[in-house]
Peer 1: 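I have a structure I would like to understand better, so I am pasting it below and will then ask my questions one at a time.
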Protein chains: 2
Amino acid sequence: MVKRRKSKVLPPPSRCPLHQCMRLLSGAWTADVVWYLREGKRCFTELETDIEGVSAKMLTNRLRKLEHDGVIERCTKRTSPPTVWYVLTPVGQELCGALANVVDIAQRLKRTQVTRP
Amino acid sequence: MVKRRKSKVLPPPSRCPLHQCMRLLSGAWTADVVWYLREGKRCFTELETDIEGVSAKMLTNRLRKLEHDGVIERCTKRTSPPTVWYVLTPVGQELCGALANVVDIAQRLKRTQVTRP
DNA sequence: CCGTATCCATGACGATACTG
DNA sequence: CAGTATCGTCATGGATACGG
């Protein structure tokens, strides 16, 4: 397998809680997944379509991560073919709400910026 | 040399505002800088000390980025040697407050998680 | 339909040395 | 003090092919 040669690149110092919490949403497409689940359940392919540009690999990756972190839940039904969908957990919904505030302020920031090349 | 074939790495699709806003805080140490400025002005070396593990290069990088985004402000006084310090802009402070909420929820998420190795 | 596996280009970041 | 310049490495994630 892979040999660890020099340990790590980023030994988590993270004395500030923000740093820790950012890890929840770090990585490409992570925020998008949360965002597109805010209105209700979506199945894999729906998300794949919603989030234009994401690959199946990354989508799976992010879904697993978010599931593990307790932000979303994976639900299955044994039909034929079996169906799978994802929803935000209650806490995930709260997270989404709090993020909406951040988005709001972020948009104000863009307006604040001086337009300069 | 290296052949560039396709050049495109990430053509910002970002139809969701969250994606856009995450870019504000993306990258290592970005969140930390904001966090450590929340209590007032800090000069370069203070931040370098606060944020243990950050290199001068990255700190400069992040400070420039955040300044450009309107989150922080760079202030100088022409003493000898000249002094420089950084503060959150008003909107930057709001951002910081909104992030505090996210942190709060993120911490609840950690408690929700099933403990498994 | 819902993924998993592999391959490798890109760039983010750490280390280090240098400057006004 | 407050940076800038350069280099090397590793992790991220896109492309592609395959499996249940």
Side-chain angles (χ1 to χ4, degrees), chain A residues 1-14 19 22-23 25-33 41-68 72-86, chain B residues 1-14 19 22-23 25-33 37 41-68 72-87:
Chain A
M1 300 308 262
V2 185
K3 310 190 214 160
R4 319 180 130 288
R5 24 193 69 203
K6 279 273 209 92
S7 76
K8 311 243 318 174
V9 176
L10 220 160
S14 50
H19 196 149
M22 290 306 289
R23 286 178 46 89
L25 296 160
S26 67
W29 315 113
T30 308
D32 303 69
V33 172
K41 66 182 184 186
R42 303 294 273 165
C43 69
F44 191 90
T45 11
E46 284 174 331
L47 287 171
E48 207 174 2
T49 309
D50 289 340
I51 309 172
E52 200 160 3
V54 73
S55 61
K57 170 187 153 184
M58 290 316 296
L59 185 51
T60 305
N61 205 302
R62 293 294 104 105
L63 288 167
R64 293 286 172 276
K65 183 181 192 298
L66 288 168
E67 188 189 4
H68 173 259
I72 69 176
E73 192 182 357
R74 181 176 189 269
C75 313
T76 54
K77 194 189 286 182
R78 303 197 136 280
T79 56
S80 174
T83 29
V84 181
W85 68 91
Y86 298 88
Chain B
M1 297 310 109
V2 186
K3 314 180 217 173
R4 350 169 108 282
R5 16 192 62 209
K6 287 254 197 100
S7 93
K8 69 137 181 212
V9 175
L10 218 161
S14 49
H19 196 149
M22 290 307 289
R23 285 178 46 88
L25 296 159
S26 68
W29 315 115
T30 307
D32 303 70
V33 172
L37 281 174
K41 66 180 184 187
R42 303 293 275 165
C43 68
F44 190 89
T45 11
E46 284 174 331
L47 287 171
E48 207 174 2
T49 309
D50 289 341
I51 309 171
E52 200 159 4
V54 73
S55 62
K57 170 185 154 185
M58 288 317 296
L59 186 51
T60 304
N61 206 302
R62 294 294 105 105
L63 288 168
R64 293 286 173 275
K65 182 180 194 297
L66 288 168
E67 187 189 4
H68 174 260
I72 68 175
E73 191 183 356
R74 182 178 188 268
C75 313
T76 54
K77 194 188 286 184
R78 303 196 136 280
T79 56
S80 175
T83 30
V84 181
W85 68 93
Y86 298 87
V87 287

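Residue numbers start from 1 in every chain, and the chains themselves are labelled A, B, ... in the order their sequence lines are given, proteins ahead of strands. Predicted model only: the values in this text are computed from it and were never measured.
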Peer 1: Take atom NZ of B:Lys41 and atom C1' of D:dA2, then tell me their distance rounded to the nearest Å.
Peer 2: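 So the two atoms are 17 Å apart, to the nearest Å.
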Peer 1: Rounded to the nearest Å, what distance is computed from the CZ atom of residue B:Arg62 to the C1' atom of nucleotide C:dC13?
Peer 2: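 Going from B:Arg62 (CZ) to C:dC13 (C1'), I get 9 Å.
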Peer 1: Please tell me if B:Arg64 has a side-chain N or O lying less than 4.0 Å from either OP1 or OP2 of D:dA2.
Peer 2: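 So the side chain of B:Arg64 is outside the cut-off, no N or O lying under 4.0 Å from OP1 or OP2 of D:dA2.
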Peer 1: Check whether any side-chain nitrogen or oxygen of B:Trp85 sits under 4.0 Å from OP1 or OP2 of D:dC1, and answer yes or no.
Peer 2: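 So the side chain of B:Trp85 is outside the cut-off, no N or O lying under 4.0 Å from OP1 or OP2 of D:dC1.
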Peer 1: Please evaluate residues B:Val33 and B:Val54 with respect to the criterion side chain to side chain contact (heavy atoms under 4.5 Å, CB included), reporting the C-alpha separation (whole Å), side-chain torsions for both, the decisive distance (0.1 Å), and the verdict.
Peer 2: CA-CA 10 Å; B:Val33 172; B:Val54 73; over 6 Å; no
Peer 1: Between B:Phe44 (CZ) and D:dT4 (P), how many Å, whole number?
Peer 2: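 So the two atoms are 8 Å apart, to the nearest Å.
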Peer 1: Take the protein atom CE of B:Met58 and the nucleotide atom P of D:dT6, then report the distance between them rounded to whole Å.
Peer 2: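 About 17 Å, once rounded to whole Å.
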Peer 1: Looking only at non-hydrogen atoms, find the nearest pair between B:Val87 and B:Cys75 and report the distance.
Peer 2: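 Between these two residues, the closest heavy atoms are CG2-SG, 4.1 Å.
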Peer 1: Does OP1 or OP2 of C:dC2 have a side-chain N or O of A:Tyr86 closer than 4.0 Å?
Peer 2: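 So the side-chain polar atoms of A:Tyr86 never come under 4.0 Å of the phosphate oxygens OP1 or OP2 of C:dC2.
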Peer 1: Kindly give the heavy-atom pair with the smallest separation between A:Arg62 and A:Ser26, and that separation in Å.
Peer 2: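 Closest pair (atom of A:Arg62, atom of A:Ser26, distance): NH1-O, 4.5 Å.
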Peer 1: On the nucleotide D:dA2, are OP1 or OP2 found under 4.0 Å from the side-chain N or O atoms that B:Thr45 carries?
Peer 2: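 Checking D:dA2 against B:Thr45, a side-chain N or O does come within under 4.0 Å of OP1 or OP2.
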Peer 1: Closest to the A:Arg74 side chain: C:dC2, D:dG3, C:dC13?
Peer 2: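 The answer is C:dC2.
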Peer 1: Tell me, do A:Trp29 and A:Asn61 make a side-chain contact under 4.5 Å, heavy atoms counted?
Peer 2: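 No, too far: nothing below the 4.5 Å cut-off.
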Peer 1: Nearest to the side chain of B:Cys43, heavy atoms from C-beta on, is which of C:dC2, D:dA2, C:dG14?
Peer 2: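 Looking only at side-chain atoms, B:Cys43 lies closest to D:dA2.
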Peer 1: Between A:Leu63 and B:Gly27, which is nearer to the 5' end of DNA chain C once each is assigned its nearest nucleotide?
Peer 2: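 Its nearest nucleotide being more 5', the pick is A:Leu63.
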Peer 1: Please state how far atom CG in A:Asn61 lies from atom C1' in C:dG3, giving the value in whole angstrom units.
Peer 2: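 Roughly 12 Å, once rounded to whole Å.
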Peer 1: Whole Å only: how far is the CG atom of B:Leu47 from the C1' atom of D:dG3?
Peer 2: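 Rounded to the whole Å, the gap is 14 Å.
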Peer 1: Which whole-number value in Å describes the distance from B:Lys77 NZ to D:dC1 P?
Peer 2: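 Going from B:Lys77 (NZ) to D:dC1 (P), I get 17 Å.
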Peer 1: Can you check whether B:Met22 reaches A:Met22 side chain to side chain, under 4.5 Å on heavy atoms?
Peer 2: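 In contact.
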Peer 1: Roughly how many Å is it from CZ in A:Arg42 to C1' in C:dC2, rounded to a whole number?
Peer 2: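 Answer to the nearest Å: 16 Å.
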Peer 1: Could a donor-acceptor pair under 3.5 angstrom be found where the side chain of B:Lys57 meets the base of C:dG14?
Peer 2: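 Pair found.
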Peer 1: For the side chain of B:Trp29, counting heavy atoms from C-beta on, which of C:dT4, C:dG14, D:dG13 is nearest?
Peer 2: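 Of C:dT4, C:dG14, D:dG13, C:dG14 is nearest to the side chain of B:Trp29.
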